[in-house]
Amino acid sequence: MTWRLATLAATAVFAVVAAAAASGAGATVVSLRVESAEAPAPLFDGTVSTQPHPVDGGDGSGAHPCAGAPGADAAATATGALDDAMREARISWRGKWDPSFRDFFIDRIGPYASAAPDRYWSLTVNGKFSAGGCLTQIAAGDSIRFFYGPLFGAAPGETPQGPGSSAGGNGSEGDHGEAAVGRRPRGLRRIATSANRFLRTHRGAGEEWAELVLSVRAGGSPALAARRLLAERLGSQARNGSFGAEVNATALAVLALRDERPRAAARAAAWLVAVQSTAGGFGYRPGAPADVDTTGLTSWALAVEKKSAALQRAVDFIRSTQAPDGGFPALPGGASNAQSTGLAVIALRVSGAGPLRTFAGTGLGPLDRLAALARPNGSIAYARRSAPTPLWTTSQALLGLTSKAKLLGWDGNVASG
């Protein structure tokens with residue numbers, strides 16, 4: 001362990017010195033931090049001098065343009081800065097090119113590779129989340145951060161910021177509590193059918209989630225797909241009932257084990273109740289800032305185990321985060337997205353609150369938001385101009401379009417909520 005700590009620290013120092021020396025005429029100098037929730041020190045922490053250049057993500061598809069959105073004047077980008085810094089520091093990284101999105105899905109940096117259900121690389125620029133690093137142009141002095149861990153997670157001591165967020169929430173708790181019940185958007189069944197077809201005919205990052213939602217929507221149990229999502233972690237339940245002290249993994253374990261190992265599932269649910277925040281939400285680990293995605297998924301597990309009081313508190317937290325467009329953000333105060341909205345609606349459905357509650361003042365609800373983000377090919381975009389992981393995003397959005405009976409009825413007993 002001592003050797004590992006020393007190696008990581010040395011890597012970070014070397015990266016800072018090497019990147020700072022790599023300046024050139026016309027280059028854009030930014031600060032870059034690359035870190036993992038699982039590492040004691042950043043892999044990289046320093047300045048980077050970068051220029052627009054094609055980037056090869058190492059996926060076998062060759063080099064691709066990485067200088068901003070098509071049609072825009074070429075400029076330095078976040079992934080371009082990462083590529084320059086990692087080459088100088090001799091740290092390998094891998095990105096899968098998505099031709100429809102025209103950007104990379106960062107799959108691995110150093111030893112940290114994406115792993116379901118809740119280990120992914122996310123990107124922030126000046127504290128705001130960005131979906132595509134090659135599409136995201138940067139300016140001198142910008143602060144770029146690649147973070148490995150639960151999506152939208154925050155390193156210890158940092159204030160989490162959601163996509164497009166600003167300080168503070170969307171309004172008072174009372175504003176959300178007074179919201180009216182809206183109407184179902186037209187064409188919702190068609191959207192769900194198209195999304196279902198998209199998941200069946202596409203492969204890529206998030207296909208484990210696609211397997212889970214397809215099983216549930218067919219009226220089956222999510223157990224097998226949840227077991228595949230968890231893989232080897234399913235065999236490591238701690239004495240306190242958790243799986244690696246990770247909330248998302250433990251919630252999925254409830255779905256995976258309830259049929260075959262009900263006692264293990266009950267112990268996992270009891271641990272979830274014990275680590276719930278005072279505000280009712282859940283973070284990816286005990287003590288981490290509560291986020292909507294984790295709270296939505298955990299609400300499903302709480303409903304399965306009939307933890308009604310904890311479920312209601314979780315739903316209250318989720319409702320307090322609703323955005324004016326009717327959707328839900330990853331973190332309180334952020335802009336809504338389809339993924340968080342889909343997971344939030346799970347909680348609304350299984351609790352009995354229902355998915356039609358609208359945001360006070362706009363009359364828009366979460367189903368309106370999901371419908372607005374549906375695309376002609378059947379996928380559901382993360383946001384209007386962002387669709388970095390269409391299979392993964394569509395899967396979790398489609399869970400929000402799945403009925404309470406299918407979410408909870410695989411054993412014939414729907415939880416009372």
Report yes or no: does Y148 contribute a side-chain atom to a donor-acceptor pair with the main-chain N or O of A113 at less than 3.5 Å?
-> yes
Run the side chain to side chain contact (heavy atoms under 4.5 Å, CB included) check on V48 and V29 step by step: do they pass?
-> CA-CA 5 Å; V48 181; V29 180; over 6 Å; no
Step-by-step side chain to side chain contact (heavy atoms under 4.5 Å, CB included) determination, M86 to F44 | CA-CA 8 Å; M86 295 302 96; F44 185 101; 3.9 Å; yes
Side-chain donor-acceptor pair under 3.5 Å between Q137 and T77, yes or no?
-> no
Hey, are the side chains of T341 and F328 touching, using non-hydrogen atoms and a 4.5 Å cut-off?
-> yes
Does Q396 reach the side chain of W209, with side-chain heavy atoms less than 4.5 Å apart?
-> yes
Give the minimum heavy-atom separation between I380 and A195, together with the two atoms involved.
-> CD1-CB, 4.3 Å
How about E88 and D84: do any of their side-chain heavy atoms sit closer than 4.5 Å?
-> no
If you round to the nearest 0.5 Å, how far is CG of L199 from OG1 of T394?
-> 6.0 Å
Set of residues satisfying side chain to side chain donor-acceptor pair (under 3.5 Å) with respect to R108, sequence neighbours excluded | S92
Could you tell me the separation between the CZ atom of R313 and the CG atom of L302, rounded to the nearest 0.5 Å?
-> 10.0 Å
Which pair of heavy atoms, one from A353 and one from V315, lies closest together, and at what distance?
-> CB-CG1, 4.4 Å
Main-chain N/O of S221 paired with S215 side-chain donor or acceptor, under 3.5 Å | yes
Value rounded to 0.5 Å, distance of CH2 in W300 from CG in L343 | 9.5 Å
Distance, nearest 0.5 Å, that separates OH of Y382 from CG of N337 | 3.5 Å
Would you say S395's side chain and L391's backbone share a donor-acceptor pair under 3.5 angstrom?
-> yes
Pair H53, D83: side-chain N/O donor-acceptor within cut-off below 3.5 Å = yes
Between S143 and N126, a side-chain donor and acceptor under 3.5 Å = no
Between the side chains of T124 and R145, is a donor N or O closer than 3.5 angstrom to an acceptor N or O?
-> no
For L331 against A290, the heavy-atom pair lying closest together = CD2-O, 3.8 Å
Polar side-chain atom of T362 near backbone of P324 as donor-acceptor pair, under 3.5 Å = yes
Verify, without hydrogens or angle tests, whether R384 (side chain) and L373 (backbone) share a donor-acceptor contact under 3.5 angstrom.
-> no
Could you check if a side-chain atom of L401 sits within less than 4.5 angstrom of a side-chain atom of L188, using non-hydrogen atoms only?
-> yes
Side-chain donor/acceptor of R227 to backbone N/O of A256, under 3.5 Å = yes
Answer whether the closest heavy-atom distance between the side chains of L123 and L82 falls below 4.5 Å.
-> no
Go through the steps to decide whether F146 and W121 satisfy the test ring pair (Phe, Tyr, Trp, His ring centres under 6.0 Å), and finish with yes or no.
-> CA-CA 6 Å; F146 286 87; W121 283 98; 7.1 Å; no
Check: I191 main-chain N/O paired with S194 side-chain donor or acceptor under 3.5 Å | no
For residues L43 and G110, report the shortest heavy-atom separation together with the two atoms involved.
-> CD2-CA, 4.0 Å
Checking N248, L252, T250 against L230 for side-chain contact (heavy atoms from CB on, under 4.5 Å), the one that qualifies is L252
Is there a side chain to side chain contact (heavy atoms under 4.5 Å, CB included) between V213 and V216 once you walk through the steps?
-> CA-CA 5 Å; V213 68; V216 170; 5.5 Å; no
Any side-chain donor near an acceptor of the partner, R369 and S336, under 3.5 Å | yes
Is a side-chain donor or acceptor of D142 paired with a backbone partner of V125 at a separation under 3.5 angstrom?
-> no
NZ/NE/NH1/NH2 to OD/OE distance under 4.0 Å, R33 and D45 = yes
Heavy-atom check, side chain of S277 versus side chain of F317, under 4.5 Å | no
Rounded distance (nearest 0.5 Å) linking atom CH2 of W97 with atom SG of C134 = 5.5 Å
For R94, enumerate each residue passing the salt bridge (Lys or Arg N to Asp or Glu O under 4.0 Å) test, keeping only those at least two apart in sequence or located in another chain.
-> D107
Do T193 and N196 meet the criterion of a side-chain donor-acceptor pair at a distance under 3.5 Å?
-> no
Taking every heavy atom of L32 against every heavy atom of A81, the minimum-distance pair comes out as CD2-O, 4.1 Å
Under 4.5 Å between any side-chain heavy atoms of L356 and R184, yes or no?
-> yes
Could you tell me whether a side-chain N or O of R228 sits under 3.5 Å from a main-chain N or O of L212, the two making a donor and an acceptor?
-> no
For the side chain to side chain donor-acceptor pair (under 3.5 Å) test, which of T294, D293, T321 pairs with S340?
-> D293
Output the distance between atom CD (Q276) and atom CH2 (W271), rounded to the nearest 0.5 Å.
-> 12.0 Å
Does the side chain of L364 come within less than 4.5 Å of F359's, by heavy atoms?
-> no
Trace of the side chain to side chain contact (heavy atoms under 4.5 Å, CB included) decision for F243 with R233 | CA-CA 7 Å; F243 287 79; R233 280 192 280 180; 5.6 Å; no
Heavy-atom pair with the smallest gap, counting every atom of G283 and D291 = CA-OD2, 3.9 Å
